[in-house]
Amino acid sequence: MKKPKALVLFSGGLDSILAVRILQEQGIDVEAVHFVNPFSSEKNPVDEYAKTFGFRLHKIKLGKDYINLIKNPKHGYGSHMNPCMDCRIYMLKKAKALAKKIGADFIATGEVVGERSMSQQRDQLMLIEKEAELENKIVRPLSAKNLPPTEAEKRGLIKRENLFGIRGKRRTPQMKLAEKYGIEKYPTPSGGCLLTDENFARKLRDLFDHKKRIALQDIEFLKLGRHFRYRNTKFIVGRNQEENEKLLKLAKKTGLGWMEVKGYPGPVTVIDGKSDGDILKKAAALTVFYSDAPENKEINVVYIKGKRKKELKTRALNREKVEEMRI
């Protein structure tokens, strides 16, 4: 007989690893899908896990349509800019299409009832299923006994008695299961979603307020440097050499101009928006402020955009003015 096939939503966290192993133990052919999220602050070694545990891994890169979802979520935000329910519905719809393509009999996740307040309460899980048009079709191996039987269980594709009834935020049951399955290497639970971060959320709101068309590079800029706004133009100031290099690379890729202090260690400052004389002077003074140049002395700053190159001479901006512009 042909083995049942499951498509598992795979984040690379312990819960999703365990979901894969529980299904494999029941003789189910497992494939998994990992969503490459522009708002993730972590890079889990998902390819390594796929190789270690022997399953095929699909990757779906989230793009502009996902950013539009973040702008206008039907179910609103959590503590900051995290539309957890809408995000889950979106991913399940994508998984549903992939499951059909690969001939999967059902979709599975590592979700645990009560583990996350914004998307994993029992009523929320049921609503998400309904809106993703997957009612009774999602198997949650870690928490199945806290939920109604799914179609896969009713059809005998998977044995309910071999599933689990974990619930709540405590991770002890998952850690014991990891030990049982010989899973020694897995990431510690952490806030990997930047949308839940207060500082990042503030910068994202500012971006949505000032830019109609958002590109993935705009999101990459949000992950770097200190952000300031002056007359609708944004300045992004690097905090260290690594960030300076990344900002310079992104600026060249996107065609934006940047500034550097001449003769002293200092930041790369990327200028996103209009760059008339007054704006450039303000950006130059801000760049000097964050450099190692001496205070109260006029410093040379170079501005480069494509083939255009301009030198300015200015003193550092005072701290009060810096804070007025900070996003």
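Between Phe35 and Tyr66, the ring centre distance reaches or exceeds 6.0 Å.
Residue Arg170 qualifies as open at atom CZ: its count of foreign heavy atoms under 6.0 Å is 12 or below. For NZ of Lys281, the number of neighbouring non-hydrogen atoms (other residues, nucleotides, ligands) closer than 6.0 Å is 12 at most.
Under the 4.0 Å criterion applied to side-chain N and carboxylate O atoms, Lys176 and Glu179 are not assigned as salt-bridge partners. Electrostatic pairing of Asp47 and Lys59 counts as a salt bridge here, judged by a charged N lying under 4.0 Å from a carboxylate O. At a threshold of 4.0 Å, the pair Asp218-Lys203 does not count as salt-bridged, since none of the basic side-chain nitrogens sits closer than that to a carboxylate oxygen. The residues Lys249 and Glu245 are annotated as not salt-bridged, no charged nitrogen and carboxylate oxygen being separated by less than 4.0 angstrom. Looking at Arg326 and Glu323, a side-chain N of the basic residue comes within less than 4.0 Å of a carboxylate O on the acidic one, giving a salt bridge. The residues Lys253 and Glu220 are annotated as not salt-bridged, no charged nitrogen and carboxylate oxygen being separated by less than 4.0 angstrom.
Summarising the geometry, atom CD1 belonging to Ile166 is positioned 9.0 Å from atom CD belonging to Glu115; distances are rounded to the nearest 0.5 Å. Interatomic distance, Leu23 CG to Ile158 CD1, rounded to the nearest 0.5 Å: 5.0 Å.
The aromatic rings of Phe200 and Phe39 sit perpendicular, their planes meeting at an angle over 60°, well past the 30° parallel limit. Ring planes of Tyr290 and Phe228: tilted class, angle from 30 to 60°.
Side-chain atoms of Glu243 come within 3.5 Å of backbone atoms of Gly225 as a donor-acceptor pair (strictly under, hydrogens ignored). Checked by atom type and distance alone, the side chain of Arg167 never pairs as donor or acceptor with a backbone atom of Val112 at under 3.5 Å. Formation of a donor-acceptor pair under 3.5 Å by the Gln174 side chain with backbone atoms of Leu18 is not found in this model.
Follow the hydrophobic side-chain contacts under 4.5 Å out from Leu222 and you never reach Trp258; the two are in separate clusters. The hydrophobic cluster containing Tyr264 does not contain Val268, counting ILVMFWY residues as joined when their side-chain heavy atoms lie under 4.5 angstrom apart, directly or transitively.
Glu131 and His75 are linked by a side-chain donor-acceptor pair at a separation below 3.5 angstrom, with hydrogens and angles left out of the test.
Nearest heavy atom pair, residue Thr109 against residue Arg88, reads CB-NH2, 3.6 Å.
Among the candidates Ile279, Ile327, Val270, the single residue satisfying the side chain to side chain contact (heavy atoms under 4.5 Å, CB included) test with Phe235 is Ile279.
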